[in-house]
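All remarks here apply to the structure that follows.
For ligands, and for the atoms within them, numbers begin at 1 and follow the listed sequence. Since the model is a prediction, treat every value here as computed from it, not as a measurement.
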Amino acid sequence: MATTINFKKLPKFKQLPIKKGAPPESSWGVFGKDDELGCLNLLTPRGIVEAAKLVRKGKVFRLDTPINYAKPPLFNRNPARHTILSFEQYGLLGHDDSIDNYNTQEGSQWDGLGHVGHVRHHAYYNGVTDDQIQDGPGGKLSIHKWANKFVGRGVLIDVCRYLEKKKRPLDPFAASVYSLKDIQDALKAQGTKVKAGSILLVRTGWLGAYLKASDEQKKAMAPLEALQSCGIESSSAMVEWLWDNRFAAIGTDCPAVEAWPWDFRDEGALHYRTLSLLGLPLGEQFVLDDLAADCAADKHYEFMLVSVPMNLEGGIASPPNAVAIK
Ligand code: UVW
């Protein structure tokens, strides 16, 4: 991790790529030819010290859903099986847990940079090839490399509340899109200043609506082929804004950050633009409602964000294991 970074010296989006032969609009090479952290390089020790100063009232907000919260999990992912094991046979009154069949993306999650490679360039962030994504400590773009990197200033944009106030709410259960302008307008209305090296959280209202849905509705929307959900615009202008504001990651409370379904053949999809081209982590199904209510009440939309992804060598994704502290 760099002690400090000269944000002004980083190329602007329009100057990308800087590496010969790299795909257009990619940051490949910006953080070094063998870099595996992408935009997490923007989280620096100085940024962590600044983030700690945002802790003013000692309130902690858990950003993860409970394991197996979605019944059934979305996108045809399998539920985890939790078994409590007894030590009775050894004469000890006590227990262990066993979690089988655990999919790191069954609930709140960071998509690691090995989650999605680019449809046309057939490569992952920084040119990593498919055979380099593998189990174990040598696995490229592994989630365990993030385990002590994901701490810094968090900023919430509550675009859902903003559009509700404007009497233009979006349907969370349709493939409806929060535009870049909606997000910028919400930010302006909040009076929040974006600082380089922040972790951005965007509240879309999807998770709150999901939690209120009936068991039948949840069952009907779980399959990948049936799910429809809101998300943010996936344009080049959106990633230009994310890159030029030097965001280190973006997390949302909806299933795919961008609206679902997105077409895997569409190279304009946000998953490709962010994970594969910019090395920008995507967070999904984050718990943001309590944090958002607190931000609306005290008008402070910035906080310290601490996320400790799983130390899974070769891992593809992870529950964020995250808290926002105000
Ligand atoms: C897909 O887009 C398929 O998965 P996720 O949204 O979890 O990255």
Side-chain angles (χ1 to χ4, degrees), residues 38-40 63-65 67-80 101-120 123-125 128 130 133 141-143 146 150 172-178 199-207 209-210 218 221-235 238-239 242 249-288 307 309-310 312 315-322:
C39 294
L40 288 190
L63 304 182
D64 301 49
T65 46
I67 291 173
N68 279 344
Y69 94 95
K71 291 188 174 37
L74 308 179
F75 298 115
N76 303 332
R77 287 177 173 131
N78 286 317
N101 208 37
Y102 180 58
N103 184 317
T104 55
Q105 288 167 270
E106 59 77 43
S108 307
Q109 68 199 256
W110 285 120
D111 285 350
L113 302 183
H115 175 48
V116 167
H118 197 275
V119 61
R120 184 158 64 90
Y124 296 77
Y125 167 69
V128 168
D130 204 39
I133 306 289
L141 306 177
S142 163
I143 203 79
W146 294 7
F150 229 132
F173 298 148
S176 48
V177 175
Y178 288 97
I199 300 160
L200 175 62
L201 300 178
V202 178
R203 178 171 170 267
T204 67
W206 183 87
L207 185 62
Y210 176 84
K218 287 176 182 165
M221 73 175 96
L224 180 143
E225 307 79 12
L227 183 67
Q228 293 229 2
S229 81
C230 65
I232 67 165
E233 177 179 324
S234 59
S235 64
M238 173 61 82
V239 280
L242 292 168
I250 173 171
T252 61
D253 58 343
C254 61
V257 181
E258 58 194 309
W260 182 266
W262 59 271
D263 184 347
F264 296 159
R265 295 160 303 181
D266 174 11
E267 60 179 290
L270 195 71
H271 273 62
Y272 299 136
R273 292 186 185 281
T274 52
L275 296 174
S276 324
L277 296 182
L278 291 182
L280 183 77
L282 294 180
E284 297 154 345
Q285 301 175 61
F286 276 39
V287 177
L288 300 179
S307 173
M310 283 168 59
L312 175 63
I316 299 300
S318 174
N321 201 26

Determine all donor-acceptor pairs shorter than 3.5 Å in which one atom belongs to a side chain in residues 226-233; sequence neighbours excluded.
unit_1	atom_1	unit_2	atom_2	d
Gln228	OE1	Ala175	N	3.4
Glu233	OE1	Leu180	N	2.8
Glu233	OE2	Ser235	OG	2.5

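Within the listing of ligand 1, atoms 4 (O), 5 (P), 8 (O) sit less than 4.0 angstrom from a heavy atom of His115. Short contacts between ligand 1 and Trp262, defined as distances under 4.0 Å to a heavy atom of the residue, involve ligand atoms 2 (O). If you number the atoms of ligand 1 from 1 as listed, the ones under 4.0 Å from a heavy atom of Gln109 come out as 7 (O). Every atom of ligand 1 with a heavy atom of Gln105 under 4.0 Å away is listed here by number and element: 7 (O). For ligand 1, the atoms closer than 4.0 angstrom to any heavy atom of Trp260 are 2 (O). Taking every heavy atom of Ala256 and a limit of under 4.0 angstrom, the matching atoms of ligand 1 come to 6 (O). Ligand-side atoms of ligand 1 in range of Glu284: 5 (P), 6 (O), 7 (O), 8 (O), range being under 4.0 angstrom from any heavy atom. Every atom of ligand 1 is numbered from 1 in the order shown, and the set under 4.0 Å from a heavy atom of Asp111 is 5 (P), 7 (O), 8 (O).
Inspection of the Tyr210 and Gln285 side chains reveals no N or O donor paired with an N or O acceptor under 3.5 Å. No donor-acceptor contact under 3.5 angstrom links the side chains of Ser234 and Trp262, judged on distance only.
The part of Arg77 lying near ligand 1 is the side chain, judged by heavy-atom distances below 4.0 Å. Looking at Pro255 against ligand 1, only its backbone comes within 4.0 Å, counting heavy atoms.
Note that the OH atom of Tyr124 and the CG atom of Leu275 stand 10.5 Å from one another [nearest 0.5 Å]. Note that CD of Glu258 is 9.5 Å distant from CZ of Arg273, once rounded to the nearest 0.5 Å.
Contact check for Leu288 versus Leu207: no side-chain heavy atoms found under the 4.5 Å cut-off.
The six-membered or imidazole ring of Trp110 lies near that of Phe286, with a centre-to-centre distance under 6.0 Å.
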